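All of these numbers come straight from a predicted model, not from anything done at the bench.
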Amino acid sequence: MKKLSFLLLLFLAQIVYSQTYTVLDSAQNTPIPYATISFRNGSGTFADADGNFRFSKKWYSDVDSLYVSSIGYKELALPTSALPQKIRLVQDIAELKEVYIVAEKKRKYKTKKLASEVHNDYFKSWLPTVESEIAVFFPKNPEKSTKIASVYLPIKTESSNRNANKKESFSTLFKMQFYSNNNGYPGKRLPYEDIIFKVTNKDKSNFELNVSEYKVFIPKEGVFVSIQVLGYTDKNGKLQQTKKYSEIETRKGIVKVSTTFRPLLPFTDKISSYKTFTRRVFFKNRTWQRFDRGYSKNNNLIKNNNTNYGMGLKLHLYEED
């Protein structure tokens, strides 16, 4: 009997420890996929494709409130002491009005490729974390209507040069978004659909993401293309919940080490201008910073002038009617 009671208590403790919450559209009562759950302290997590995420005070004892948001919805702040299992977001009508509906005409076009910069050097690569979003600027051809057909993403699948001959399996989910050019910095998010895609250890080092169906046209001021890690997936492609930090016990106490993901993102010194920007998505202001010496004096990539992520594009340049 005592053994049964112990097992029951253990089972109940595990339920509490891994409580699942669901983010829903308040009007449609449908899941909001990949909503952002911020703790406003530099940490946070994401909902999966079904709007589900897990949270526990045992994981984050110092977090008092969650800030739940998604494009097209008003942000909702909730105390962690009384989290409802179903979290309903209200649509932001002003934001929804800006959604682009593009009726693409059948026109002749020429294809142009803006080459990516690919290499396999671990020490010249960015280690992606769930807190960071990276945006790269591309100008528009001044004379042609220009659509982005594909985005080329340089990746490095091995975790280090020493293990280059040993590929460990992984499957990482990313989100791609597009931003306007605001005086040389990423500005307002353009109202195109979020593009969710997966990268695995089996993909080529110059990963090509076909985005033609999303009908993304570059504004006259140019466009910023961003990518952001959502986390690892399970064998079925479902997003796994990942803590931003791993807690490691040392002689000096508990040390928090950022959780990094593969693939690594090769940065380059072969681009003369500063066209790469980063921001921390779980902070309140989410300010973009240009990746240069003003960003950090101690960053090894910047010290060696590897200040740009070598993203490339395939463009369709349309003839006039």
- Message: A cation-pi test, strictly: NZ or CZ of Lys275 under 6.0 Å from the centre of the six-membered ring of Phe138 and no more than 45 degrees from its axis. Yes or no?
- Response: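 Positive - Lys275 is close enough to the ring of Phe138 and near enough to its axis.
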If you measure only the distance, is there a donor-acceptor pair under 3.5 Å linking the side chains of [X] and [Y]?
| X | Y | answer |
| --- | --- | --- |
| Arg293 | Asn299 | no |
| Ser205 | Lys156 | no |
| Ser171 | Thr233 | yes |
| Thr30 | Asp25 | no |
| Gln177 | Glu133 | yes |

- Query: CG of Leu264 to OG1 of Thr157: how many Å apart, nearest 0.5 Å?
  - Reply: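 Rounded to the nearest 0.5 Å, the CG-OG1 separation comes to 8.5 Å.
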- Crowding at NZ, Lys303 (>12 non-hydrogen neighbours, <6.0 Å):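 Yes, the 6.0 Å shell around NZ holds more than 12 heavy atoms from other groups.
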- Query: Within a reach of under 6.0 Å around NZ of Lys113, are more than 12 heavy atoms found that belong to other residues, nucleotides or ligands?
  - Reply: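 Counting other residues, nucleotides and ligands, NZ of Lys113 stays at 12 neighbours or fewer.
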Answer whether the closest heavy-atom distance between the side chains of [X] and [Y] falls below 4.5 Å.
| X | Y | answer |
| --- | --- | --- |
| Thr45 | Ser38 | no |
| Leu89 | Val23 | yes |
| Phe207 | Tyr152 | no |
| Val90 | Arg88 | no |
| Thr172 | Thr200 | no |
| Val223 | Asn181 | no |
| Leu317 | Thr111 | no |
| Ser150 | Val211 | no |

- Hey, what's the ring geometry for Tyr192 with Phe178, parallel, tilted or perpendicular (30° and 60° as the breaks)?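 Taking Phe178 first and then Tyr192, their aromatic rings stand perpendicular (interplane angle over 60°).
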Look at the side chain of [X] and the backbone N and O of [Y], then say whether any donor-acceptor pair between them is shorter than 3.5 Å.
| X | Y | result |
| --- | --- | --- |
| Tyr109 | Lys147 | no |
| Ser125 | Phe123 | no |
| Lys204 | Glu208 | no |
| Asn308 | Thr276 | yes |
| Asn182 | Tyr185 | no |

- Between Leu83 and Phe55, does a side chain to side chain contact (heavy atoms under 4.5 Å, CB included) hold up when you go through it step by step? CA-CA 10 Å; Leu83 281 178; Phe55 178 84; 3.8 Å; yes
Between [X] and [Y], does the ring centroid distance fall short of 6.0 Å?
| X | Y | result |
| --- | --- | --- |
| Phe277 | Phe291 | no |
| Phe53 | Tyr21 | yes |
| Phe224 | Phe137 | yes |
| Tyr179 | Trp288 | yes |

Answer yes or no: is there an ion pair linking [X] with [Y], defined by an N-O contact shorter than 4.0 Å?
| X | Y | result |
| --- | --- | --- |
| Arg189 | Asp194 | yes |
| Glu319 | Lys108 | no |
| Asp92 | Lys74 | no |
| Glu158 | Arg262 | no |

I'd like to know if [Y] and [X] are part of one continuous hydrophobic network [Ile/Leu/Val/Met/Phe/Trp/Tyr, side-chain heavy atoms within less than 4.5 Å].
| X | Y | answer |
| --- | --- | --- |
| Tyr34 | Leu24 | no |
| Trp126 | Ile271 | no |
| Leu265 | Phe197 | yes |
| Tyr274 | Ile227 | no |
| Val118 | Val199 | no |

- Item | Single hit among Phe283, Phe282, Tyr60 for ring pair (Phe, Tyr, Trp, His ring centres under 6.0 Å) with Phe39 |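 One option only clears the test, and that one is Tyr60.
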- Task: Apply side chain to side chain donor-acceptor pair (under 3.5 Å) to the pair Thr268 and Asn306, showing each step before the final yes or no.
- Result: CA-CA 4 Å; Thr268 180; Asn306 296 295; 5.3 Å; no
